[in-house]
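The figures here come from the full heavy-atom set of this structure, side chains too, leaving out hydrogens, waters and symmetry mates. The model shown is predicted, which means the values in this text are computed figures rather than measured ones.
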Amino acid sequence: MDNVVTLVVLVLVVVFVVTVIARTIRIVPQATAVIVERLGRYSRTLEAGLNILVPFIDKVRANVDLREQVVSFPPQPVITSDNLVVSIDTVIYYQPTDPKSATYEIANYIQGIEQLTVTTLRNVIGSLDLEQTLTSRDQINGQLRGVLDEATGRWGIRVNRVELKAIDPPASVQDSMEKQMRAERDKRAAILTAEGFKQSQILTAEGEKQSSILRAEGSAQAAILESQGQAKAITQVFDAIHRGDPDPKLLAYQYLQMLPKIADGSSNKLWIVPSELNDALKGFGNMFTAHGGDSSGSDGSRAARPAAPEPTTGFDEVVLEDPAQALKRAREEAAGAARDAEGVTRETHLPGN
């Protein structure tokens, strides 16, 4: 019986010693503060590491996380200055800076921050209309942060950032805004399409204008070069004729050759023989008479016509060229002049010119 009592006492002593050790040694993690009370009053704040407490006298009141924390509040209905109800979600980034104040100055600082955010948000949004609310998020965030930081400073809380996560207008307003944006986009698309069509028409007209100008310039250059070639050909033919020095007999012979071509054709009903042709024909006839045979008399004998005395002019006798040879030579010179004119025209039309 004594052994049993001794064993029980020993077990109780061991349990008591273990409890005392557990209450005496306190290990605090990094970025955590522990509030310690002694006999119900605030004693000290334990830092990270190993700490010694007085067992059964010192008591841990709260563990405060010193890291920056994020809390998202549910959507809150807020009325704008133009009497529209919008639903706004907020996100608060805060960090405890004074664990003692965060423990003793307010019972629940998370709830206090939430209610303070709601009331401040209603005051700020109430002075703005819907358009300003949707486009002034940075301004709203700055005002909220200023009010919250000032109020939570005495709680040992620092508000680092306030963000409006969502601003949702009423469904009818959203539908009207979507229709307005769709109309604006359709308007811009129509304007851009019209501008593109206008530019296309302008460019097409400019292209046709330039094409017409170039075609006209090409036709003018071709006509000029053709007329220049023809003029050069005529000039060379004229020079060739003058270098040949044709006499009236040759011209008369040429005219006689051209008479069938002039009279040819069903539309040629009347043509005029110039008076110079008679003189040319007389000279041509005298040439054949001078070189022809003797005329016959009435008795059948051929009587020679007395030769006319040759005039003495003091110049050497001029020997006339055969008309056929002169005509052939003139034609060859004219053909050569025409070939030269075609060669000049071809060289002018080359791309390098």
Are the side chain of E163 and the backbone N or O of N141 linked by a donor-acceptor pair below 3.5 Å? no
Please identify each residue that fulfils side chain to side chain donor-acceptor pair (under 3.5 Å) with S211, with sequence neighbours left out. R215
So CD of E208 and OG1 of T204: to nearest 0.5 Å the spacing works out to 6.5 Å
Check side chain to side chain donor-acceptor pair (under 3.5 Å) between N160 and all other residues, then give those that pass, not counting sequence neighbours. E68, R158
Is it true that, when you exclude E150 itself, more than 12 heavy atoms of the residues, nucleotides or ligands shown sit nearer than 6.0 Å to its CD? no
Find out whether L10 and T6 are in side-chain contact, i.e. whether some heavy atom of one side chain is under 4.5 Å from a heavy atom of the other. no
Donor-acceptor under 3.5 Å (T152 side chain, I157 main chain): yes
Using side chain to side chain donor-acceptor pair (under 3.5 Å) as the criterion, list what pairs up with Y93, not counting sequence neighbours. none
Do L148 and Y94 make a side-chain contact, defined as non-hydrogen atoms from C-beta onward lying under 4.5 Å apart? no
May I ask you to check whether over 12 heavy atoms, not counting those of Q95, lie within 6.0 Å of atom CD? yes
Polar side-chain atom of D82 near backbone of L130 as donor-acceptor pair, under 3.5 Å: yes
Donor-acceptor pairs are to be reported for all side-chain atoms of residues 117-126 against protein atoms at under 3.5 Å, with residues two or more places apart or in another chain.
from: T117; atom 1: OG1; to: I113; atom 2: O; distance (Å): 2.7
from: T119; atom 1: OG1; to: Q115; atom 2: O; distance (Å): 3.2
from: T119; atom 1: OG1; to: L116; atom 2: O; distance (Å): 3.0
from: T120; atom 1: OG1; to: L116; atom 2: O; distance (Å): 2.7
from: N123; atom 1: ND2; to: T119; atom 2: O; distance (Å): 3.2

Is there a side-chain contact between L144 and V159 (heavy atoms, below 4.5 Å)? no
Taking atom CZ as the centre, does F197 end up with more than 12 heavy-atom neighbours from other residues, nucleotides or ligands that are less than 6.0 angstrom away? no
With rounding to the nearest 0.5 Å, note down the distance linking CD in E114 to CD1 in I92. 9.5 Å
Can you check whether Q76 reaches I88 side chain to side chain, under 4.5 Å on heavy atoms? no
Gap separating the CD atom of Q230 from the OG1 atom of T235, nearest 0.5 angstrom: 11.5 Å
I52-V17 co-clustered via ILVMFWY side chain contacts under 4.5 Å: yes
Answer yes or no: is there a donor N or O on one side and an acceptor on the other, between the side chain of S200 and the main chain of G196, under 3.5 Å? no
Same hydrophobic cluster for L84 and L164, using side-chain heavy-atom links shorter than 4.5 Å among ILVMFWY? yes
With a 4.5 Å cut-off on side-chain heavy atoms, are P96 and D65 touching? no
For S101 and E105, indicate whether the former's side chain and the latter's backbone hold a donor-acceptor pair under 3.5 Å. no
What donor-acceptor contacts under 3.5 angstrom involve side-chain atoms of residues 22-29, with partners at least two apart or in another chain?
from: T24; atom 1: OG1; to: V20; atom 2: O; distance (Å): 2.5

Is there a path from L46 to Y104 through hydrophobic residues (I, L, V, M, F, W, Y) whose side chains come within less than 4.5 Å of each other? no
Quick one: are R161 and V70 in side-chain contact, heavy atoms under 4.5 Å? no
Roughly how far apart are Q143 CD and I140 CD1, rounded to 0.5 Å? 7.5 Å
Can you tell me if OH on Y42 sees more than 12 non-hydrogen neighbours from other groups inside 6.0 Å? yes
Would you say CD1 of I79 has more than 12 non-hydrogen atoms from neighbouring residues, nucleotides or ligands within 6.0 angstrom? no
Linking I/L/V/M/F/W/Y whenever any side-chain heavy atoms sit under 4.5 Å apart, do I35 and L53 land together? no
Spell out, as yes or no, whether a donor-acceptor pair under 3.5 Å connects the side chain of T97 to the backbone of G156. yes
Close side-chain approach of Q201 and K198, heavy atoms under 4.5 Å: no
Taking S87's backbone N and O only, do any of them form a donor-acceptor pair with D89's side chain (distance below 3.5 Å, no angle check)? no
Euclidean distance, Q210 CD relative to E217 CD, rounded to 0.5 Å: 9.0 Å
When you measure from the side chain of R67 to the backbone N and O of A31, does any donor-acceptor pair fall under 3.5 Å? no
Closest non-hydrogen atom pair between P169 and I167, with its separation: CD-O, 3.4 Å
Transitive ILVMFWY side-chain link F56 to V15, under 4.5 Å: no
Heavy-atom nearest pair, P99 first then T103, reads O-OG1, 2.8 Å
Would you give the length of the straight line joining atom CG of D129 to atom OG of S81, rounded to the nearest 0.5 angstrom? 4.5 Å
Could you work out, with side chain to side chain donor-acceptor pair (under 3.5 Å) as the rule, every residue matching Y109, not counting sequence neighbours? none
Contact check, side chains of I57 and L39, non-hydrogen atoms, under 4.5 Å: yes
